[in-house]
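First, the structure itself, so that you have it in front of you.
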2 protein chains.
Amino acid sequence: MEETDRAIVAALAVDGRLSYTDLAERVGLSVSAVHQRVRRLEQRGVIKGYAAKVDHDALGLSLTAFVAIRPLDPSQPDDAPDRLAKLPQIESCYSVAGEDFYMLLVRVENPLALERLLQEIRSAANVTTRTTVVLSTPYESRPGIRQA
Amino acid sequence: MEETDRAIVAALAVDGRLSYTDLAERVGLSVSAVHQRVRRLEQRGVIKGYAAKVDHDALGLSLTAFVAIRPLDPSQPDDAPDRLAKLPQIESCYSVAGEDFYMLLVRVENPLALERLLQEIRSAANVTTRTTVVLSTPYESRPGIRQA
DNA sequence: CCTGAAAAGGTGGGACC
DNA sequence: GGTCCCACCTTTTCAGG
């Protein structure tokens, strides 16, 4: 992908509501040209969508944790992600190399809610869990796009 | 926070570019009322901003990993997050409970770039690293807002 | 792949209940 | 808080190079 497209993606990663007018100024093209490029980036799936960045504390989700999981019976077919997808407290699910099978990022209201969630995870996916509580978040979800 | 605001935040978390017109239909208010509520949510910091969701593979960042870090000298003042902030490959930095001090989420092009990044992390923050490579991502960054 | 222009519709205030 | 209204700006499309 070339420089102009990268600049567009970088700008929209920082501010997803930038108008095509502003975007056009930054990259030095006409509004229509930028519009076309953005549509193409969306169609190609480079831009997968737009999301509001929400403050979890303000929503009462003040406890974040990593949960590493491992099947109790590694010989059985592994559909843990499917089984866990219905739990909305699980924000992300990564399949990982190493001793654990999956790493989950979860958000809950308080320690009691975490306890309940861990029980749900264990029973839903037949796994053991190893939990690492997040104490604070110096930074998160930075749009790490470096321009050429 | 009450039900209508939660519905608005939930909708914008899924589609950050929803128009106030569409939003108004969903929550059953007038366009202006919704507009006011969104502005308040933005001012209060509940909505921290808007971002394009970018496909990392399409940008050539096809390797994701977790990097747990621990200071070589735990008695020294700990400014690792500050020292690491300049590395754009680090998407998130969490201070965690447990054996490690911080958990990083990093994105790089390939294994070689990961090796270089780990060296940079170790020398910049005077830490040891323990890295867990992500093999696949069943889901990520789900807007886990449950409505009342 | 870009430009330019014109229609359609959304955004962002103010006045008022 | 909410509604109604209006000026302005953006988005979106289309003809043309």
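Remember, it's a predicted structure, so these values are computed and weren't measured experimentally.
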message: Nearest whole Å is fine: how far is C:dT11 P from A:D22 CG?
response: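 Interatomic distance, CG of A:D22 to P of C:dT11: 15 Å.
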- prompt: Rounded to whole angstroms, how far apart are CG on A:L18 and C1' on C:dG10?
  reply: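 Taking atom C1' of C:dG10 as the reference, CG of A:L18 is at 17 Å.
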message: Give me the atom names and distance for the closest heavy-atom approach of B:V54 to A:A13.
response: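 Where B:V54 meets A:A13 most closely, the heavy atoms are CG2-CB, 4.2 Å.
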task: Using the ring of A:Y50 (Phe, Tyr or Trp, six-membered ring only), decide whether B:R17 places NZ or CZ under 6.0 Å from its centre and within 45 degrees of its axis.
output: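 Ring-cation test returns yes.
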- request: Verify whether one side chain among B:T64 and B:R107 offers a donor that lies under 3.5 Å from an acceptor in the other.
  value: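 B:R107 and B:T64 do have a side-chain donor-acceptor pair below 3.5 Å.
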task: Verify the neighbour count for atom CZ of A:R70: are there more than 12 heavy atoms of other residues, nucleotides or ligands below 6.0 Å?
output: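 Count over threshold, so yes.
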field: For DNA chain D, the residues among residues 24-39 of chain A that have a non-hydrogen atom under 4.0 Å from it
entry: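 Output list: A:S32, A:H35, A:R39.
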query: Reading DNA chain D 5' to 3', which nucleotide is the first, and which the last, to come under 4.0 Å of any heavy atom in chain A?
result: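 Listing 5' to 3', DNA chain D meets chain A from D:dT10 to D:dT13.
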field: Between C:dC2 (P) and A:Y20 (OH): distance, integer Å
entry: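 So the OH-P distance, A:Y20 to C:dC2, works out to 15 Å.
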message: Checking the side chain of A:T137 only, and the main-chain atoms of A:E140 only, is there a donor and an acceptor separated by less than 3.5 Å?
response: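 Between the backbone of A:E140 and the side chain of A:T137 there is no qualifying donor-acceptor contact (under 3.5 Å).
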task: Quick one: label A:R17 by what it contacts on the DNA or RNA (base, sugar-phosphate, nothing), any heavy atom closer than 4.0 Å.
output: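 No contact.
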query: Which residues satisfy the salt bridge (charged side-chain N to carboxylate O under 4.0 Å, His left out) test with A:D79, sequence neighbours excluded?
result: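 By the salt bridge (charged side-chain N to carboxylate O under 4.0 Å, His left out) rule, A:D79 matches A:R83.
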- request: State whether the number of non-hydrogen atoms from other residues, nucleotides or ligands found under 6.0 Å of A:E2 atom CD is greater than 12.
  value: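 Enclosed.
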- prompt: Between A:D73 and A:S75, is there a donor-acceptor pair closer than 3.5 Å when you use the side chain of the first and the backbone of the second?
  reply: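 Yes; at least one donor-acceptor contact below 3.5 Å.
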